[in-house]
Amino acid sequence: QVQLVESGGGLVQPGGSLRLSCVVSGTIFSIDSMSWYRQSPGKQRQLVATITINGRVNYADSVEGRFTISRDNSKNTVDLQMNSLKPEDTAVYYCNADIRRSRWNNRVTNYWGQGTQVTVSS
């Protein structure tokens with residue numbers, strides 16, 4: 001079984017910062033891409049940031065320059081540092097990972113965390 005558990009959400013004022021963390025646990029051989037998504041009420045889930053196993057990153061235009069994604073391959077974690085937060089960043093943030101569970105095949109399975117609420121409000 002594989003679990004992704006997020007932490008670090010909460011309430012913050014506009015212009016403030018939050019750091020989200022996600023820990024992957026279970027039977028894992030390796031983790032390919034790790035990502036953060038977010039979903040606001042009435043809207044589709046959208047990709048916020050992705051980081052590959054080699055550290056290549058990609059950001060949504062709306063967060064470029066304000067958010068930073070990072071990972072620790074030794075600990076199976078991915079973080080999202082969020083600075084200069086805006087009310088429109090309010091959403092449930094989800095951790096996502098493409099995981100290989102066996103060294104004996106190339107099968108990759110996509111997993112989601114349960115989400116953590118981020119609210120930006122004065």
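Atom set for the values below is all heavy atoms of this structure, side chains included, hydrogens, waters and symmetry mates excluded. Residue numbers count from 1 along this sequence.
Pairs of residues two or more places apart, or lying in two chains, that qualify as ring-ring contact (aromatic ring centres under 6.0 Å, His included) and include a residue from residues 36-70 are Tyr37-Trp112. Within the structure, disulfide bond (SG atoms under 2.5 Å apart) contacts touching residues 12-97 (residues at least two apart or in different chains) are Cys22-Cys95. Pairs of residues two or more places apart, or lying in two chains, that qualify as salt bridge (Lys or Arg N to Asp or Glu O under 4.0 Å) and include a residue from residues 54-78 are Arg66-Asp89. Annotation: disulfide bond (SG atoms under 2.5 Å apart) contacts involving residues 23-94, sequence neighbours excluded, are absent.
In this structure the side chain of Val118 never reaches within 4.5 angstrom of the side chain of Thr90, judged on heavy atoms. For the pair Leu80 and Val48, the minimum side-chain heavy-atom distance is below 4.5 Å. The side-chain heavy atoms of Pro14 and Pro87, taken from C-beta on, include a pair separated by under 4.5 Å.
A donor and an acceptor atom, one from each side chain of Ser17 and Asn83, are located under 3.5 Å apart. Using a 3.5 Å distance cut-off with no hydrogens or angles, the side chains of Gln114 and Glu6 do pair a donor with an acceptor.
To the nearest 0.5 Å, atoms CD1 (Ile51) and OG (Ser35) are separated by 9.5 Å. Atom OG in Ser62 sits 5.5 Å away from atom CD in Gln46 (nearest 0.5 Å). With rounding to the nearest 0.5 angstrom, the OH atom of Tyr111 is 11.0 Å from the CD atom of Gln3. Once rounded to the nearest 0.5 Å, the distance linking OG of Ser121 with CG of Leu85 reads 12.0 Å. How far OG1 of Thr50 is from CG of Asn96: 8.0 Å, rounded to the nearest 0.5 Å.
With sequence neighbours left out, Asp32 forms a salt bridge (charged side-chain N to carboxylate O under 4.0 Å, His left out) with Arg100. Every residue two or more places apart in sequence or in another chain was checked for a side chain to side chain donor-acceptor pair (under 3.5 Å) with Ser33, and none qualifies. For the side chain to side chain donor-acceptor pair (under 3.5 Å) test, no residue two or more places apart in sequence or in another chain qualifies with Ser30. By the side chain to side chain donor-acceptor pair (under 3.5 Å) test, Thr119 pairs with Gln117, sequence neighbours left out. Residues meeting the salt bridge (charged side-chain N to carboxylate O under 4.0 Å, His left out) test with Arg19, sequence neighbours left out: Asp79. By the side chain to side chain donor-acceptor pair (under 3.5 Å) test, Asn76 is found to be paired with no residue, residues two or more places apart in sequence or in another chain being considered.
Under the 6.0 Å distance and 45° angle rule, Arg45 counts as a cation-pi partner of Tyr94.
Crowding of Glu88 atom CD: a count of heavy atoms from other residues, nucleotides or ligands under 6.0 Å exceeding 12.
Linking ILVMFWY side-chain heavy atoms closer than 4.5 Å, directly or via other members, places Val78 and Val92 in two distinct hydrophobic clusters. Hydrophobic clustering keeps Val2 apart from Val23 (ILVMFWY residues linked when any side-chain heavy atoms are closer than 4.5 Å, directly or through intermediates).
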Show me, pair by pair, the donor-acceptor contacts under 3.5 angstrom made by side chains of residues 101-108, not counting sequence neighbours?
| residue | atom | partner | partner atom | Å |
| --- | --- | --- | --- | --- |
| Arg101 | NE | Thr27 | O | 3.1 |
| Ser102 | OG | Trp104 | N | 3.0 |
| Asn105 | OD1 | Arg107 | N | 2.9 |

side-chain contact (heavy atoms from CB on, under 4.5 Å) assessment of Ile99 paired with Leu4: CA-CA 11 Å; Ile99 296 173; Leu4 279 64; 4.3 Å; yes
Derivation and outcome, side-chain contact (heavy atoms from CB on, under 4.5 Å), residues Ile69 and Met34: CA-CA 9 Å; Ile69 189 171; Met34 304 182 82; 5.6 Å; no
Step-by-step side-chain contact (heavy atoms from CB on, under 4.5 Å) determination, Thr77 to Val24: CA-CA 6 Å; Thr77 60; Val24 182; over 6 Å; no
Full working for side-chain contact (heavy atoms from CB on, under 4.5 Å) between Asp98 and Ile31: CA-CA 6 Å; Asp98 291 323; Ile31 305 174; over 6 Å; no
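Residue Gly8 comes nearest to Leu18 through the heavy atom pair O-CD2, 3.8 Å, listed as atom of the first residue, atom of the second, then distance.
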